[in-house]
Every structure is written in C-alpha cells, then in structure tokens.
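Values below: all heavy atoms of this structure, side chains included; hydrogens, waters and symmetry mates excluded.
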Amino acid sequence: MATRQKLMRAVRVFEFGGPEVLKLQSDIVVPIPKDHQVLIKVHACGVNPVETYIRSGTYSIKPLLPYTPGSDVAGVIEAVGDNACAFKKGDRVFTSSTISGGYAEYALAADHTVYKLPEKLDFKQGAAIGIPYFTACRALIHSARVKAGESVLVHGASGGVGLAACQIARAYGLKVLGTAGTEEGQKIVLQNGAHEVFNHREVNYIDKIKKYVGEKGIDVIIEMLANVNLSKDLSLLSHGGRVIVVGNRGTIEINPRDTMAKESSIIGVTLFSSTKEEFQQYAAALQAGMEIGWLKPVIGSQYPLEKVAEAHKDIIHGSGATGKMILLL
C-alpha cells in the first residue's frame with residue numbers, strides 16, 4: 001500500500017487578478033526537500049507589496065500558474081534534503097526566498113536562502129526580515145554606496161522596507177531623515193533610527209525638509225513611491241546626490257534638467273537582481289545587526305491565512321503603513 005501523502009493548508013493562485021484570486025486550500029501535498037533544500041514548518045509569513053503586483057499579472061516576473069505566493073517565512077526546520085548540512089530538524093530559521101511559496105503551513109526553500117533566527121527575535125519578526133531588510137541593504141549599500149557621515153532621506157519610512165532602511169542607515173553612521181503620513185508612523189520612524197521625521201501629508205513638508213538640511217541638500221533618498229515624489233526628490237538632492245527607486249505605482253513627469261547642475265542620479269533597485277554572493281553579503285550585515293541589536297523588525301497588521309485577500313487589499317489601499325504586515329499560521 002502506498003504511504004499516505006501528508007497534506008497542508010496553502011494559498012493558491014490559479015489565475016492572475018485582484019485579491020479574490022487568492023484561494024485557501026487544505027488538500028495541498030506537503031513538499032519533500034531534495035538536494036540542498038529544506039522543508040520549514042511555517043509559523044509566520046511576511047506580506048510584501050511585490051506579491052500583489054505578481055498576483056495581478058502586471059509584474060515583470062510571472063510565475064507558472066497555479067502557484068503559492070510568499071517568500072519571507074519564519075519557522076522551524078521540519079526536514080532536510082541531501083547536502084543541506086548547515087541545518088537540522090528543529091532549527092529556528094527565516095528565509096529571503098522560497099521554492100514552493102510562503103503562504104502555506106510548510107514551505108520548501110533552497111538552503112542558501114535560509115538563515116538561523118536568533119532566540120531574541122520571535123517568528124513574526126523573523127518573517128519581517130526577508131524582502132524588506134535585504135532590499136534596504138541592497139538600496140543603501142549596493143545601489144547608493146552610502147558612506148558614513150552622508151545624509152539619507154527615507155521617503156515613506158514607516159513601512160517594512162522604510163523602517164529597515166532607517167535602522168541600517170543609522171547603524172552605518174548616516175544622518176537619517178524619514179517621512180510618514182500618520183502621527184503613529186512618525187513616532188515609530190523616530191524610534192527606529194531617524195534623527196528627524198516629517199509628515200508627507202502636510203502641504204509644505206518639502207519646504208520644511210529643505211529648511212532643515214540647508215544649502216547642501218540630501219545625499220541619498222530612498223524612494224518608496226516614485227510616481228508621486230520623484231520630481232520633489234530631485235529638488236532636495238545634494239551635488240552628486242542619488243535617488244534610489246524602491247517603490248513605484250505609476251508614471252510621473254520630471255524635468256531632466258533638475259539632474260544636470262547637481263549631476264545627480266536616479267537609480268532603480270530590485271532585490272531579485274542580486275547575485276548569490278550579494279545575498280551572502282547582505283545576510284552577513286543583517287546577522288551582525290541581529291547580534292548587536294539594531295535589527296529589530298516592527299510588526300504592523302497581522303492576519304490569519306483565511307484573511308489573505310484582505311491583507312492584499314490593505315497593503316495597497318491602507319491608510320499609511322506602520323510596521324510590517326504578517327500572515328500568522
């Protein structure tokens with residue numbers, strides 16, 4: 001008699017579209033780890049804006065249907081494939097990517113995308129590291145090539161990537177400014193590395209930033225909503241300043257002349273372009289942050305797996321992010 005396959009609950013997408021295409025199923029076969037793979041019993045999974053773009057079919061990467069979304073899980077190693085010798089059953093871990101999808105009770109991941117989760121961080125915090133912290137690392141270290149003593153404005157600092165950028169920038173010796181759209185958001189930004197925070201819902205907030213930084217301008221801007229802010233960003237930059245575009249949801253008209261006198265740059269960033277070696281570099285920086293204590297993910301809204309469609313609606317249409325959105329399993 002064949003051994004009965006173990007089943008799990010997982011979210012499946014059978015067609016691209018709105019949040020309603022996310023279907024929770026309870027008869028999905030638990031995957032078995034192959035060479036250099038591990039199986040993780042998922043305790044929490046981060047929700048990222050990019051997962052909504054992929055689900056809608058508008059993103060440059062289109063997975064084969066059906067698929068399970070989600071890359072940032074935290075949990076416990078359930079099983080280890082051949083040659084995945086860095087891990088053993090029972091290890092607490094988090095991931096920066098999964099093979100089988102993270103919105104599920106179990107997730108398969110390649111061993112080089114799995115990292116030990118220190119005891120001082122819980123599973124919710126572990127699920128908040130992946131895309132936000134690795135993206136913030138890539139934006140600051142690889143794309144902006146920040147140097148200690150430079151100034152950075154995190155434009156939209158109260159969400160997952162924004163708070164990660166504030167913590168990393170502060171640890172690397174930068175002068176950190178942030179913006180948020182709510183009072184609670186502003187408070188959290190100040191508690192997580194920013195020296196000064198501005199309300200981007202105020203009409204004259206750009207003037208306030210200009211007054212605060214003076215003639216020199218800002219060296220680096222980490223931009224979460226380029227289709228709204230890019231033109232303003234160019235007016236804020238220092239000579240040789242750079243805008244790093246992390247998030248964008250549409251088009252915007254800019255005057256290229258604004259880049260000329262200052263010899264400034266607009267640089268796009270996507271985590272998925274990182275090489276294996278770059279991921280290892282970011283992981284080493286983040287591991288140090290966990291050990292020293294400056295890497296402290298802030299958890300925002302939490303949803304059970306049944307409410308995944310609501311989570312996808314809220315991450316795009318919510319009234320100002322505060323912390324990292326998490327699915328709990």
Side-chain angles (χ1 to χ4, degrees), residues 132-133 135-248 252 254 258-259 262 264-269 285 289 294-298 300 320-324:
Y133 279 84
T135 299
C137 247
R138 184 165 182 81
L140 288 162
I141 296 164
H142 174 272
S143 306
R145 297 198 165 99
V146 293
K147 299 182 194 76
E150 286 191 314
S151 58
V152 61
L153 168 67
V154 182
H155 212 159
S158 62
V161 182
L163 290 170
C166 288
Q167 291 176 1
I168 294 165
R170 184 66 181 253
Y172 272 68
L174 279 87
K175 173 85 174 171
V176 185
L177 317 180
T179 77
T182 65
E183 210 170 302
E184 188 197 358
Q186 290 178 75
K187 204 166 96 189
I188 284 174
V189 170
L190 280 176
Q191 287 165 350
N192 284 279
H195 293 87
E196 191 63 54
V197 69
F198 301 87
N199 184 345
H200 54 226
R201 295 215 170 130
E202 283 180 12
V203 183
N204 63 341
Y205 83 98
I206 294 290
D207 295 330
K208 287 187 175 174
I209 296 174
K210 282 181 178 167
K211 195 174 166 192
Y212 182 82
V213 297
E215 289 279 292
K216 186 182 180 303
I218 296 164
D219 299 311
V220 173
I221 298 177
I222 305 294
E223 182 49 68
M224 306 301 169
L225 197 58
N227 55 298
V228 172
N229 299 324
L230 189 55
S231 187
K232 301 174 211 167
D233 291 340
L234 295 177
S235 74
L236 288 169
L237 287 177
S238 63
H239 189 89
R242 45 270 185 227
V243 180
I244 311 298
V245 179
V246 170
N248 182 66
I252 184 172
I254 63 162
D258 293 342
T259 65
K262 293 175 177 175
S264 55
S265 319
I266 301 166
I267 302 167
V269 66
W294 58 253
L295 191 160
K296 280 200 284 282
V298 178
T322 305
K324 175 74 186 139

* To do: Please answer whether the main-chain N or O of I252 pairs with a side-chain N or O of N227 as donor and acceptor at a distance below 3.5 Å.
  => no

* Which pair of non-hydrogen atoms, one from V189 and one from C166, has the smallest distance, and what is that distance? -> CG1-SG, 4.2 Å

* Looking at CD1 of I209 and CG of L153, how far apart are the two atoms once the value is rounded to the nearest 0.5 Å? -> 5.0 Å

* Hey, does V154 have a side-chain heavy atom less than 4.5 Å from the side chain of M224? -> yes

* Measure the spacing between CG of L230 and NZ of K232 and express it to the nearest 0.5 Å. => 10.5 Å

* Please round to the nearest 0.5 Å and tell me the distance separating atom NE2 of H195 and atom OH of Y212. => 7.5 Å

* Do I222 and V269 have side-chain heavy atoms sitting under 4.5 Å apart? -> no

* Can you check whether L190 reaches Q186 side chain to side chain, under 4.5 Å on heavy atoms? -> no

* Asked: Looking at K210 and L236, what are the two nearest heavy atoms and their distance?
  -> CG-CD2, 3.6 Å

* **Check: S264 side chain, R242 main-chain N or O, donor-acceptor pair, under 3.5 Å** => no

* State the CG-NZ distance between L237 and K216, to the nearest 0.5 angstrom. => 10.0 Å

* Going from CD on E183 to OG1 on T322, what distance comes out if it is rounded to the nearest 0.5 angstrom? -> 11.5 Å

* Grab the two heavy atoms, one from R170 and one from V176, that are nearest each other, plus how far apart they are. => N-CG2, 3.7 Å

* Check against side chain to side chain contact (heavy atoms under 4.5 Å, CB included), K211 and D207 -> CA-CA 6 Å; K211 195 174 166 192; D207 295 330; over 6 Å; no

* **Distance-minimising heavy-atom pair for W294 and A285** => CZ2-O, 3.7 Å

* Do H155 and Y205 make the cut of ring centroids closer than 6.0 angstrom? -> yes

* Take V220 and R145, measure what side chain to side chain contact (heavy atoms under 4.5 Å, CB included) needs, and give me the verdict at the end. => CA-CA 9 Å; V220 173; R145 297 198 165 99; over 6 Å; no

* To the nearest 0.5 Å, what is the distance between CG (L177) and CD1 (I218)? -> 5.5 Å

* **Beyond-backbone contact of N192 with V298, side-chain heavy atoms, under 4.5 angstrom** => yes

* Structure fact -> When every non-hydrogen atom of D219 is compared with those of S151, the smallest separation belongs to OD2-N, 2.9 Å

* To do: Taking the side chain as every heavy atom from C-beta outward, state whether P297 and L295 have any atom pair closer than 4.5 Å.
  => yes

* Considering non-hydrogen atoms only, spot the tightest contact between A139 and I244 and give its length. => CB-CG2, 3.8 Å

* Asked: Can any side-chain N or O of K324 pair as donor or acceptor with the backbone N or O of L163 at less than 3.5 Å?
  -> no

